[in-house]
Asks: 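Below you will find the structure I want to go over with you.
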Amino acid sequence: MRRIIKPLLALLLLAGLVAVFLWRNASTPEPVDGLAVAVDQDGDTEVMRVILHDADQRVRWQGKGDDYLVDVRRDGGDVYHLIVVLVDERKRYRVNSTVRLEPGSRTVVANFGPETRVSQEGKVQISGGRRIIVELR
């Protein structure tokens with residue numbers, strides 16, 4: 001029986017890793033004018049990834065969807081000014097942020113939600129909220 005269970009578990013683990021890899025790559029849409037926006041779930045938190053492409057050729061990215069507007073401007077070599085407006089049925093959120101990015105890097109620019117707590121270790125814990133991440137590719 002052990003001869004069957006160990007290879008079966010290894011096969012299931014491998015299939016799970018392949019599925020996660022394919023899901024992560026499939027969840028990133030093709031860029032339009034150098035900008036792609038992907039929305040994923042991380043538990044009960046909605047994660048919006050703003051992905052910037054062609055940074056060697058562009059200094060401005062703009063895009064809009066059904067529930068968001070994005071405007072990004074590069075200032076110099078690695079400083080990016082980001083404005084994201086999120087719209088839902090009850091509220092409108094506007095996030096202004098300035099970040100330093102290098103190719104291949106990602107940075108959390110906003111993390112908010114209806115239930116925000118600070119743990120005893122001083123870490124902020126968000127439940128049922130939204131997170132905005134900007135990536136440079």
Side-chain angles (χ1 to χ4, degrees):
M1 189 70 167
R2 285 188 179 193
R3 289 183 180 177
I4 295 172
I5 291 176
K6 284 186 178 181
L8 183 61
L9 288 175
L11 185 62
L12 286 173
L13 178 64
L14 182 62
L17 291 173
V18 168
V20 167
F21 174 77
L22 293 175
W23 175 78
R24 282 199 174 261
N25 289 334
S27 67
T28 303
E30 288 296 316
V32 176
D33 290 332
L35 175 72
V37 176
V39 179
D40 302 319
Q41 285 295 124
D42 181 12
D44 60 353
T45 301
E46 181 180 283
V47 179
M48 176 184 188
R49 293 185 298 135
V50 177
I51 306 158
L52 307 175
H53 295 266
D54 306 326
D56 56 336
Q57 303 164 2
R58 302 184 69 88
V59 294
R60 185 122 194 214
W61 295 261
Q62 292 180 312
K64 71 177 196 171
D66 293 338
D67 58 350
Y68 69 86
L69 296 168
V70 175
D71 185 15
V72 180
R73 183 175 44 87
R74 186 178 74 216
D75 185 12
D78 62 353
V79 176
Y80 294 81
H81 302 285
L82 176 78
I83 299 171
V84 177
V85 179
L86 300 174
V87 181
D88 66 20
E89 56 276 352
R90 297 170 296 154
K91 290 186 178 180
R92 183 180 181 121
Y93 302 95
R94 180 183 171 107
V95 176
N96 294 330
S97 185
T98 299
V99 295
R100 286 189 181 274
L101 293 172
E102 295 178 7
S105 66
R106 70 171 41 174
T107 300
V108 175
V109 294
N111 202 9
F112 53 93
E115 188 175 332
T116 304
R117 296 183 311 272
V118 178
S119 70
Q120 290 178 346
E121 297 84 29
K123 295 181 180 177
V124 176
Q125 299 172 333
I126 306 285
S127 296
R130 290 186 173 184
R131 183 176 306 130
I132 301 173
I133 297 173
V134 62
E135 300 177 19
L136 183 61
R137 291 196 182 167

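Here the structure is a predicted model, which means the values were calculated and not measured.
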Asks: Between Met48 and Val70, does a side-chain contact (heavy atoms from CB on, under 4.5 Å) hold up when you go through it step by step?
Replies: CA-CA 11 Å; Met48 176 184 188; Val70 175; 3.9 Å; yes
Asks: Looking only at heavy atoms, what is the nearest atom pair of Val84 and Ile132, with distance?
Replies: CG1-CD1, 4.0 Å
Asks: For Ala36, enumerate each residue passing the side chain to side chain contact (heavy atoms under 4.5 Å, CB included) test, keeping only those at least two apart in sequence or located in another chain.
Replies: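 Partners of Ala36 by the side chain to side chain contact (heavy atoms under 4.5 Å, CB included) criterion, ordered by chain and then number, come out as Pro29, Pro31, Ile51, His53.
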Asks: Using the test side-chain hydrogen bond (donor to acceptor under 3.5 Å, both in side chains), find all partners of Thr98 that sit at least two apart in sequence or belong to another chain.
Replies: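 Partners of Thr98 by the side-chain hydrogen bond (donor to acceptor under 3.5 Å, both in side chains) criterion, ordered by chain and then number, come out as His81.
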Asks: What distance do Asp78 atom CG and Leu136 atom CG have between them, rounded to the nearest 0.5 Å?
Replies: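 So the gap between those two atoms works out to 9.5 Å.
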Asks: Is Leu35 reachable from Val32 through a run of hydrophobic residues whose side-chain heavy atoms are each under 4.5 Å from the next?
Replies: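 Not linked; separate clusters.
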Asks: What do you reckon, is CD of Glu102 surrounded by more than 12 foreign heavy atoms closer than 6.0 Å?
Replies: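 12 or below, so no.
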Asks: So which atom in Leu52 and which in Tyr80 form the shortest heavy-atom distance, rounded to 0.1 Å?
Replies: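 Here Leu52 and Tyr80 meet closest at CD1-CD2, 4.0 Å.
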Asks: Linking Ile, Leu, Val, Met, Phe, Trp and Tyr by side-chain heavy atoms under 4.5 Å, what else ends up with Val108?
Replies: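 Same cluster as Val108: Val47, Ile133.
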Asks: With a 4.5 Å cut-off on side-chain heavy atoms, are Val85 and Arg92 touching?
Replies: yes
Asks: Answer with yes or no whether the hydrophobic clustering places Val59 together with Leu101; edges join I, L, V, M, F, W, Y residues whose side-chain heavy atoms lie under 4.5 Å apart.
Replies: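 In one cluster with Val59: Leu101, no.
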Asks: If you look at every heavy atom in Arg100 and Thr107, which pair is closest and at what distance?
Replies: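 Closest approach of Arg100 to Thr107: O-OG1, 4.3 Å.
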Asks: List for me each residue that meets side chain to side chain contact (heavy atoms under 4.5 Å, CB included) alongside Arg90, sequence neighbours excluded, and say none if there are none.
Replies: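 For Arg90, the residues satisfying side chain to side chain contact (heavy atoms under 4.5 Å, CB included) (neighbours in sequence not counted) are Asp88.
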Asks: What residues form a salt bridge (charged side-chain N to carboxylate O under 4.0 Å, His left out) with Asp56, not counting sequence neighbours?
Replies: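 Asp56 satisfies salt bridge (charged side-chain N to carboxylate O under 4.0 Å, His left out) with no other residue.
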Asks: Not counting sequence neighbours, which residues clear salt bridge (charged side-chain N to carboxylate O under 4.0 Å, His left out) with Arg60? List them please.
Replies: Asp71
Asks: Under the side-chain hydrogen bond (donor to acceptor under 3.5 Å, both in side chains) test, which residues partner Arg137, sequence neighbours left out?
Replies: Glu135
Asks: Does Val99 belong to the same Ile/Leu/Val/Met/Phe/Trp/Tyr cluster as Leu69, with side-chain heavy atoms less than 4.5 Å apart forming each link?
Replies: no
Asks: The criterion is side chain to side chain contact (heavy atoms under 4.5 Å, CB included); which residues satisfy it with Asn96, sequence neighbours excluded?
Replies: Ile83, Arg94
Asks: Val95 versus Phe112: any side-chain heavy-atom pair under 4.5 Å?
Replies: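 The answer is yes; the side chains approach within 4.5 Å.
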Asks: Indicate yes or no for a side-chain donor-acceptor contact from Trp61 to the backbone of Val72 under 3.5 Å, with no hydrogens or angles considered.
Replies: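 No, because the side chain of Trp61 does not come within donor-acceptor range (under 3.5 Å) of the backbone of Val72.
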Asks: Which residue, Arg49, Arg130, Arg131, forms the salt bridge (charged side-chain N to carboxylate O under 4.0 Å, His left out) with Asp40?
Replies: Arg49
Asks: Restricting to salt bridge (charged side-chain N to carboxylate O under 4.0 Å, His left out), what partner residues turn up for Arg58, sequence neighbours left out?
Replies: none
Asks: Taking only residues two or more places apart in sequence or in another chain, which ones pass side-chain hydrogen bond (donor to acceptor under 3.5 Å, both in side chains) with Asp54?
Replies: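 For Asp54, no residue satisfies side-chain hydrogen bond (donor to acceptor under 3.5 Å, both in side chains) once neighbours in sequence are set aside.
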Asks: Quick one: side-chain hydrogen bond (donor to acceptor under 3.5 Å, both in side chains) partners of Glu121, sequence neighbours excluded?
Replies: Ser119
